[in-house]
Structures are given as structure tokens and as C-alpha cells.
Amino acid sequence: QNNNSNNQNISNNDGDDNSFKKTICLPVINTTRENLPLRTEVMFVLDKVGINPNDLICIDEIELEGFCKHYNDKLSITLVDHNAPSQGQQYVIPHVSQVIDHHKDEKMFPPSICTIELIGSCSTLIAQEVSTLLGGEMDAFDMSMCEMLLSAIVVDTVGLDESKGRTFPSDVVVANKLGKSLGVPVQELFMNVMSAKFDCSHLTPSQLLLKDYKQVMNGRVAIGIPMISMALAEFLEKDDAVLAMEVFRKKKEVDVLVVMSATTQPTFSRQLAFYAPQSITCTGWLQAFLETVENEGQLALSPMKEHTTETVIAFTQGDVTKSRKVILPLVRDLAGRFQRQTITTKRKGEEPKECKKTVVGVTGRCGCGKSAVMSELEKLGAKVLNTDAMGHDAYKSGSVCFNEVVATFGHGVVDKDGEINRRALGAVVFGDEFAMAKLTNILWPFLSLKVQEEILSCDEDVVAVEAALLTAAGWHLICDEVWLVDGNVDAVKERLLSSRGMSEEKVESIHKMQRNQRNHIVASRLITNNGTLQELKHAVKSSLEETIKGISEK
């Protein structure tokens with residue numbers, strides 16, 4: 001099938017003249033299991049020919065690099081529909097014994113093992129290869145094979161439409177032979193497959209967001225831009241659509257999602273939905289950003305009030321000629337103006353209060369030394385805010401967060417003393433992205449407002465905010481600088497095992513949850529904690545002096 005597959009022939013010899021030779025052929029689809037259902041036309045064809053997608057091997061379900069190392073010269077790999085392995089798959093190169101492709105030859109392999117021809121579909125070449133093996137007759141093809149090959153050819157060549165510049169004589173010849181064997185008009189098959197390709201109604205909100213996704217970054221602001229082929233209202237009305245956006249936002253490590261919707265019925269129209277969690281919207285960042293987008297006037301946006309909430313702000317797009325190619329650079333450039341948001345508690349009837357203090361976000365993995373850094377900052381005169389400790393207080397019986405947690409997760413998370421049992425709560429949310437999103441949607445907005453109130457009300461000129469998930473919660477957007485505390489992985493692990501009595505499994509689970517590449521990207525400074533306490537104190541003192549000096553110069 002034309003699916004960017006790697007076909008591996010793994011031979012196992014006993015080593016003598018009378019040995020039994022066994023060859024195993026594994027067709028591997030060069031996409032992840034998560035992404036496979038997004039290829040709706042592929043799923044449609046598989047269903048028609050009676051192939052269960054769960055019986056296929058996706059690239060993330062096989063240790064291909066391990067195969068290469070273990071079997072070495074016994075491993076034979078055929079590259080299909082590409083002739084230049086991606087940067088992350090360079091390890092297959094020594095094991096490639098055959099290449100079948102219809103793209104430009106990148107000259108990575110000798111011509112003797114390559115079947116490379118610039119035509120419309122790789123499946124045309126595959127049909128010719130199989131035909132040769134069967135004595136030159138396509139009439140002997142299995143009907144399932146005919147349908148899979150022809151479906152791929154008509155999609156790749158846009159229904160054999162020569163005006164599109166993607167159809168070549170060999171595509172037409174092979175397609176007609178396959179169509180004759182199948183007994184189905186080529187155009188009828190094309191329309192059926194294309195209808196399946198654009199039918200997204202059965203996809204979940206998470207799958208719709210992933211299907212056609214791009215993202216951009218400007219400074220410390222990251223924006224994800226999914227494109228969905230359905231009305232925005234239909235998407236937002238799907239079960240857990242908003243919760244799915246939060247899970248997706250966290251997974252992609254962005255601050256805001258700009259969901260673009262395009263529909264053709266009754267006429268072509270576009271809609272936009274800007275999503276950010278309450279922990280960000282309560283800072284006023286999203287509203288300020290959107291005001292600038294609207295004032296630009298390029299998109300002619302009109303509010304969709306019936307679909308606007310605290311976290312989702314929806315618009316119809318008046319100028320439908322502006323596609324993602326225009327919107328992507330527009331939001332990227334505008335994001336550059338919003339690297340730090342003016343802090344406000346957003347209380348009813350109050351005007352936003354401009355924060356004149358220096359705010360430093362301190363983040364890093366559990367056990368890296370954040371507490372030691374915060375202790376030193378406090379000695380140097382800074383106001384220190386520990387969001388983890390504030391979170392413990394937020395759970396206390398009778399609080400708003402307590403009531404919401406119990407209403408969401410049930411009384412099973414309450415201990416005999418009537419307080420939240422954090423261990424029981426952790427058992428419910430760890431490993432379940434949607435459950436974790438429900439919890440953070442309760443806790444993070446409360447902490448966000450609390451942090452802002454503390455910053456505005458304290459007397460100190462410098463405020464340090466400690467949070468392992470600083471960027472995931474969006475609190476980096478209210479900081480002047482972000483400090484990343486890090487250290488040797490083994491040293492951090494040993495610190496947790498010895499000083500906190502954690503098991504290795506517990507350490508691994510916490511670090512997995514806190515793994516966030518954004519922390520490294522947005523960090524203004526790296527505080528390396530591999531030496532003595534005295535060395536760490538010196539690093540904190542000099543970093544604070546440089547921070548204050550840099551901000552005053554700005």
C-alpha cells in the first residue's frame with residue numbers, strides 16, 4: 001500500500017549447510033498508531049477490503065533501530081514511497097536492499113537497488129513490480145490488492161486528471177488495468193475514496209485537532225493552529241471538545257490554540273476559535289492579544305457570542321480569502337508584542353493594576369534544587385511564592401477547589417478526616433490526560449489569581465514564583481524572566497531517593513509528568529545545580545543582579 005512503508009525481511013540462519021532458513025516479512029507503516037485513524041481514506045479502503053487496522057504495525061510499535069542493531073546483516077529493508085530516510089531514521093541506511101519510489105532521486109542508494117520513476121503514484125510502480133513477479137499479468141491480482149493499489153493511484157493523481165499535472169501515462173495504463181480487473185469505474189472509486197478522505201464527522205475532537213496541525217513560536221509565546229474541516233459550532237458541540245483542546249494544548253506545549261474551521265456548505269465560510277485555559281485568560285493575556293488581532297482588521301472578524309466562553313473566544317472570518325498561510329505569520333508576528341502581560345486580578349469593577357515589580361519564574365524537575373534557589377532568593381530580599389504549597393492549601397476542606405474536586409472526582413478522594421487524600425486523587429488522575437486536565441482546570445485558575453494577588457499586594461520589589469509546570473500553566477506570561485534549575489540526571493534521582501525516600505518508580509513517574517521542553521525554550525537563565533551549596537548560592541546571587549540590571553536598562 002502507498003503508505004510510506006518500510007518492509008523488513010528478517011532472515012535467521014542456523015549456520016550450516018543443512019540449516020533451515022526462515023524469512024519473516026514485516027510491512028511497517030511509517031506513521032504512528034495515533035495518526036493512522038486520521039488518514040480517513042486509508043481507513044475506508046482497509047475496511048472495504050476487510051483488513052483490521054489493529055493487525056497492522058505502525059512505526060511507533062516496533063523498535064526498528066533495535067532490529068537494525070540486533071539482526072545487522074540479516075536484516076533487509078525496502079523503502080516504499082520515499083528514497084531518503086528522515087533525520088530520525090538514518091540508522092536504516094546500511095540495511096536498505098530495495099527502494100521503490102516516485103519522488104526525485106536523492107542519490108542515497110545505488111541505482112541497482114532502486115526503482116525510482118517520477119510519476120503520479122508509487123502504487124503504480126508497486127503494481128508493476130508485483131505484476132513482474134506474477135509473470136507480467138495483473139489479471140492474477142487478488143481483488144483486495146487491486147482495490148488498495150487503485151485507490152492510492154486515483155488519490156495521488158486526483159482521479160487521473162491530467163490537467164492537475166500529477167498524472168503520467170504509466171499511471172493511466174496501470175489504473176485502467178486494475179479497474180478492469182476490479183470491475184469498478186475508476187472515477188466512481190475516486191469519488192468514494194475522496195468522500196471518505198473529507199468525512200471527519202466520526203473523528204473525536206482530539207483527532208480533529210491533530211489531523212491538520214501547525215504551530216509557531218515567537219519569543220516565549222507558542223501558538224498551535226489546527227485546521228478542521230467542519231463548522232466550528234459542530235466541533236465545539238462535540239463531547240468534551242473544550243477539555244480535548246486543553247489536553248491537546250498541554251501535549252503540544254503551546255500557550256494558545258487558534259482553531260481554524262472551513263466549510264463549503266451552503267457557501268464557503270471560515271471561522272476561528274481562540275482557546276486558552278483559565279490560568280491564562282484570568283491574566284488578561286488572551287484578551288489583549290485578541291484585541292490586537294481584531295484591530296489589525298485583516299481578517300474582518302465578527303464575534304460568535306453564542307460560542308464564546310471564559311476560555312473559548314469564537315469569530316466568523318469575514319475575509320475568507322485569508323487561509324492559514326496568512327493567519328499563521330500574522331498571529332506569530334503579533335505574539336511578539338505580548339511577551340509579558342500586565343498583571344491584574346480582574347475583579348469586577350476594578351481597573352487592571354500595572355505591576356511595577358520584577359517577577360522571576362523558577363522552574364525545573366522535582367529534586368533539581370528549586371527550593372534551595374528560592375531559599376536563597378528570599379535571603380536576598382525577594383518575595384517567594386511556592387505554587388505547590390499554595391496548591392496544598394487550595395485543597396482544604398470547605399474551599400472552592402475542594403468542593404469542585406469532590407464534585408468532579410467523587411467522595412473517594414476524601415480521607416476519613418474530611419480532607420482531600422492526595423494519594424487517592426493522584427491514583428485517579430495520573431496516566432489519564434483528561435482526568436488530569438479536569439484537575440488542573442480547577443487548580444490552576446485559583447493559583448493564577450492567588451499568585452497575581454500576592455504579587456500586587458507585597459512590598460518587595462522582586463517576586464519569585466516557583467512552579468515545576470510554570471509554562472504548562474501559562475505563568476511564564478506574567479514573568480519578566482524564567483529561570484530553569486537543572487542538574488545531572490543521576491544526581492537529581494539520587495537526591496530524591498535519599499532525601500525524600502521516593503522509590504525509583506515514583507521518581508520516574510513524577511519526572512515523566514513534569515517533562516516539558518518549553519521550560520528549556522523559554523528559560524532566560526539556566527541555574528545548574530551540580531556543585532556545592534555555596535556554588536549554587538553564588539549562581540543565584542549573580543543571576544539576580546544580572547536580572548535586575550537587565551530589566552532596569554530596558
Test side chain to side chain contact (heavy atoms under 4.5 Å, CB included) applied to Thr31 and Ile59, step by step:
CA-CA 6 Å; Thr31 190; Ile59 193 65; 5.5 Å; no
Shortest non-hydrogen contact from [X] toward [Y]:
X: Thr311; Y: Pro277; value: CG2-C, 4.1 Å
X: Lys322; Y: Val326; value: CD-CG1, 3.5 Å
X: Val258; Y: Pro226; value: O-CD, 3.2 Å
X: Val320; Y: Phe268; value: O-CE2, 3.8 Å
X: Thr471; Y: Asp255; value: O-OD1, 4.1 Å
X: Val293; Y: Leu301; value: CG1-CD1, 4.1 Å

Heavy-atom donor-acceptor pair, [X] side chain to [Y] backbone, under 3.5 Å:
X: His102; Y: Gly120; value: yes
X: Lys211; Y: Leu38; value: yes
X: Arg220; Y: His476; value: yes
X: Ser448; Y: Trp444; value: no
X: Glu246; Y: Leu243; value: no
X: Arg324; Y: Met260; value: no
X: Ser261; Y: Met230; value: yes
X: Asn83; Y: Asp101; value: no
X: Arg166; Y: Asp156; value: yes
X: Asp60; Y: Thr32; value: no

Does a side-chain heavy-atom distance below 4.5 Å link [X] with [Y]?
X: Leu182; Y: Leu178; answer: no
X: Glu117; Y: Ser170; answer: yes
X: Gln98; Y: Ile77; answer: no
X: Cys146; Y: Met138; answer: no
X: His103; Y: Ile116; answer: no
X: Leu257; Y: Phe274; answer: no
X: Leu209; Y: Met245; answer: yes
X: Leu125; Y: Ile100; answer: yes

Quick one: [atom1] on [X] to [atom2] on [Y], what's the gap to the nearest 0.5 Å?
X: Thr124; Y: Leu150; atom1: OG1; atom2: CG; result: 9.5 Å
X: Leu46; Y: Asp55; atom1: CG; atom2: CG; result: 10.0 Å
X: Cys68; Y: Lys74; atom1: SG; atom2: NZ; result: 14.5 Å
X: Leu203; Y: Met43; atom1: CG; atom2: CE; result: 9.5 Å
X: Phe109; Y: Ile93; atom1: CZ; atom2: CD1; result: 5.0 Å
X: Leu79; Y: Thr115; atom1: CG; atom2: OG1; result: 12.0 Å

For the pair Trp285 and Phe289, name the ring-plane relationship: parallel under 30°, tilted 30 to 60°, perpendicular over 60°.
parallel
Any chance you could lay out the salt bridge (Lys or Arg N to Asp or Glu O under 4.0 Å) test for Lys438 and Glu404, step after step, and finish with the verdict?
CA-CA 10 Å; Lys438 289 178 182 178; Glu404 287 191 40; over 6 Å; no
Should we count [atom1] of [X] as having more than 12 external heavy atoms under 6.0 Å?
X: Glu306; atom1: CD; answer: yes
X: Glu310; atom1: CD; answer: no
X: Met143; atom1: CE; answer: yes
X: Glu106; atom1: CD; answer: yes
X: Glu61; atom1: CD; answer: yes

All pairs passing side-chain hydrogen bond (donor to acceptor under 3.5 Å, both in side chains) where residues 172-196 contributes a residue, at least two apart:
none
side-chain hydrogen bond (donor to acceptor under 3.5 Å, both in side chains) contacts in which one or both residues fall within residues 224-244, not counting sequence neighbours:
none
Set of ring pair (Phe, Tyr, Trp, His ring centres under 6.0 Å) partners for Phe248, sequence neighbours left out:
Tyr213
Strictly by modelled atom types, are [X] and [Y] linked by a side-chain donor-acceptor pair under 3.5 Å?
X: Asp171; Y: Thr157; answer: no
X: Gln271; Y: Ser269; answer: yes
X: Lys250; Y: Thr440; answer: yes

Strictly below 4.0 Å, N to O, side chains only: are Arg337 and Glu296 in salt-bridge contact?
yes
Short N-O contact, Lys164 and Glu162, less than 4.0 angstrom:
no
Step-by-step side chain to side chain contact (heavy atoms under 4.5 Å, CB included) determination, His202 to Thr40
CA-CA 10 Å; His202 61 288; Thr40 50; 3.8 Å; yes
Pair Leu299-Asp319, side chain to side chain contact (heavy atoms under 4.5 Å, CB included): steps then yes or no
CA-CA 5 Å; Leu299 307 179; Asp319 187 349; 5.7 Å; no
Quick one, Val482 with Thr363, criterion side chain to side chain contact (heavy atoms under 4.5 Å, CB included). Give me CA distance, side-chain angles, the key distance, then yes/no.
CA-CA 7 Å; Val482 173; Thr363 189; 4.1 Å; yes
Derivation and outcome, salt bridge (Lys or Arg N to Asp or Glu O under 4.0 Å), residues Glu253 and Lys251
CA-CA 5 Å; Glu253 298 185 357; Lys251 189 179 292 187; over 6 Å; no
